[in-house]
Amino acid sequence: MSQSCRVLVIGQGGREHAIVRQLLLGRDAPEVFVWPGSDGMFEATAGLRHAAAQRLVGASLIDAVLEQKIDLVVIGPEQPLADGIADQLRAKGVLVFGPSKDGARLESSKIYAKEIMQAAGVLTARSFVVDSVERTLASAREFKPPYVLKADGLAAGKGVFIEKTLAGLEQAARALFEQRVLGDAGARALLEEFSPGYEVSHLVLTNGKTAVALPPARDHKRLLDGDQGPNTGGMGVVAPVSLPEGLLEKIERDIVAPVVSELDRRGILFRGVLYFGLMITSDGPSVLEFNTRFGDPEAQALMPLLDEGRGPTWTEAFMAIAQGEVPRLVWNERRKVACVVMAAEGYPDSPLKGVAIPKLKELNQTTASYVLHAGTEKRGGEYVTNGGRVLNAVGVSERSLDDALARAYDAAESVRWAGCQLRKDIGRTV
Ligand code: AMP
Ligand code: GLY
């Protein structure tokens with residue numbers, strides 16, 4: 001399989017660049033195609049061990065996959081999953097790593113996700129479904145501040161409001177239900193009790209019946225140091241994080257197993273990543289959310305942790321899941337990875353596009369310190385900002401997390417552009 005395996009990765013951000021990079025570095029050297037990909041991703045992968053990733057071209061995705069005889073499709077982002085692309089490809093006989101549209105609803109509807117959590121009997125915050133300012137304020141009487149209001153639908157990291165006062169909650173509810181700032185995605189919402197604790201991103205690969213865990217990771221969701229400022233898609237990740245003794249086993253037993261059984265019980269086709277966003281509370285791990293794909297930037301820190309010398313490669317792992325099997329993954333026990341997100345000026349509200357990143361050309365990329373393209377574009381031979389999260393600086397170390405962080409920050413400093421926002425405390429706060 002491996003020599004000639006033709007893998008397509010769907011997506012164009014830092015997560016997909018990380019996936020493409022790691023597939024290409026695998027000892028089985030698959031041919032990697034990307035739809036749509038980005039200039040930076042294609043250029044950066046040209047210097048890797050094997051051939052560069054190639055842009056998949058064709059009139060439509062499905063036609064191109066069939067014409068190019070793609071063996072395996074790996075779907076990166078949530079939107080194509082929510083749109084049912086995995087089902088369309090499977091209907092044509094293509095092997096896909098990514099859940100069905102039904103499975104993707106665990107992420108594309110927070111109300112449905114809550115229903116699954118409750119049916120599985122896992123710990124999660126109490127909540128009410130709300131669809132008006134009045135209902136929101138009436139339900140809020142059941143809770144103490146801060147109040148958590150979550151738009152039901154996909155909102156690219158902008159759908160969760162955490163408000164310290166009723167006045168703030170009212171404003172958030174007006175934005176969703178009256179100004180319709182998120183359109184239909186915010187027509188209904190969950191009002192949820194605030195859970196104090198610290199967060200862990202726990203990802204598993206699953207065939208919808210059993211699962212294999214990835215090492216736990218820690219994202220930093222707020223824009224500014226010290227967990228201040230607005231929520232973002234994620235400003236930086238470290239992995240693996242060390243957790244109190246017995247906690248991982250508890251997460252597997254009390255959360256992952258019952259949720260996967262619930263998917264199986266409902267007959268949901270789920271072959272891909274299931275991401276448990278957890279709050280570790282004084283009552284134990286509580287589920288905040290599900291994502292039905294790799295986290296971004298969690299993938300950037302998790303992908304390099306696989307020990308392909310002692311177990312399957314990523315291509316083999318994705319292929320196994322796509323075929324309905326669960327691979328035996330082996331992790332590098334010594335390795336630590338840090339990923340620092342470099343965001344555009346104005347992110348998350350209105351990121352400034354078209355700003356030059358002049359030093360990117362000069363960066364000396366190594367296997368221990370490199371930069372991934374998350375939202376860049378090449379204009380007239382130079383890279384410019386083209387999204388909220390622009391670059392991801394990654395540091396890998398076999399010595400310590402501090403060392404991995406120092407490498408990531410060195411790479412970040414060497415490509416920093418005017419107006420770039422980055423947190424200085426990634427890996428330092430919980
Ligand atoms: P979500 O998309 O549901 O994970 O929410 C985004 C972020 O909001 C989470 O990563 C948490 O930092 C925060 N959050 C969500 N729900 C709660 C909650 N019930 N209590 C405290 N913080 C929350
Ligand atoms: N980093 C959080 C997410 O991907 O949703």
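Numbers here simply count residues along the sequence, with the first being 1. One-based numbering, in listed order, for ligands and for the atoms of each.
Among all protein heavy atoms, the one lying closest to atom 5 (O) of ligand 2 is Arg293 NH2, 3.1 Å. The protein non-hydrogen atom at the shortest distance from atom 20 (N) of ligand 1 is Ser195 N, 2.8 Å. Annotation: atom 6 (C) of ligand 1 to nearest protein heavy atom, Val160 CG2, 3.9 Å. Closest to atom 12 (O) of ligand 1, if we only count protein heavy atoms, is Glu199 OE2, 2.4 Å.
Using a 4.0 Å cut-off to heavy atoms of Asn231, the atoms of ligand 1 that qualify are 7 (C), 8 (O). Of all atoms in ligand 2, listed by their number and element, those nearer than 4.0 Å to a heavy atom of Pro297 are 1 (N). Near Lys221, the atoms of ligand 2 lying under 4.0 angstrom from a non-hydrogen atom of the residue are 2 (C). Within ligand 2, counting atoms from 1 as listed, the ones closer than 4.0 Å to a heavy atom of Glu298 are 1 (N), 2 (C), 4 (O). Proximity to Gly295 (heavy-atom distance under 4.0 Å) selects the following atoms of ligand 2: 4 (O). Within the listing of ligand 1, atoms 10 (O) sit less than 4.0 angstrom from a heavy atom of Lys221. Listed by number with element, the atoms of ligand 2 under 4.0 angstrom from any heavy atom of Asp219 are 1 (N), 2 (C).
The aromatic rings of His373 and Tyr383 lie tilted to each other, with the angle between the two planes from 30° to 60°.
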- Candidate pair Asp227 and Arg423, rule salt bridge (charged side-chain N to carboxylate O under 4.0 Å, His left out), full reasoning: CA-CA 9 Å; Asp227 286 331; Arg423 277 182 64 160; 3.1 Å; yes

- Message: Working note: Lys110 + Glu192, criterion salt bridge (charged side-chain N to carboxylate O under 4.0 Å, His left out); need CA distance, chi angles, decisive distance, verdict.
- Response: CA-CA 11 Å; Lys110 299 248 185 216; Glu192 197 170 273; over 6 Å; no

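The distance between the ring centers of Phe276 and Phe290 falls below 6.0 angstrom.
When heavy-atom distances to ligand 1 are checked against a 4.0 Å cut-off, Leu288 comes that close through both its backbone and its side chain. Within the 4.0 Å heavy-atom criterion, the part of Asn291 lying near ligand 2 is the side chain and not the backbone. Contact annotation: for Ile162 versus ligand 1, heavy atoms closer than 4.0 Å belong to the side chain alone. The part of Tyr275 lying near ligand 2 is the side chain, judged by heavy-atom distances below 4.0 Å. Contact annotation for Lys110 and ligand 1: only side-chain heavy atoms (C-beta onward) come within less than 4.0 Å of the ligand.
Cation-pi geometry between Arg105 and Tyr112 is satisfied (NZ or CZ under 6.0 Å from the ring centre, within 45° of the ring normal). Geometric assessment of Arg21 against the ring of Tyr370 yields a positive cation-pi assignment under the 6.0 Å and 45° thresholds.
Using a cut-off of 4.0 Å between Lys/Arg side-chain N and Asp/Glu carboxylate O, Lys114 and Asp152 are scored as not salt-bridged. Electrostatic pairing of Lys209 and Asp264 counts as a salt bridge here, judged by a charged N lying under 4.0 Å from a carboxylate O. Here Arg55 pairs with Asp39 in a salt bridge; the nearest charged N to carboxylate O distance falls below 4.0 Å.
Considering both main-chain and side-chain atoms, Gly233 comes within under 3.5 Å of ligand 2 through a nitrogen or oxygen pair. Of the N or O atoms in Glu289, none lie within a sub-3.5 Å distance of an N or O in ligand 2. Checking only distances, Asp296 does come within under 3.5 Å of ligand 2, N or O to N or O.
With a 6.0 Å radius and a threshold of 12 heavy atoms from other residues, nucleotides or ligands, Gln171 has its CD atom at or below the threshold.
Looking only at atom types and distance, the side chain of Tyr347 has no donor-acceptor partner in the side chain of Gln421 under 3.5 Å away.
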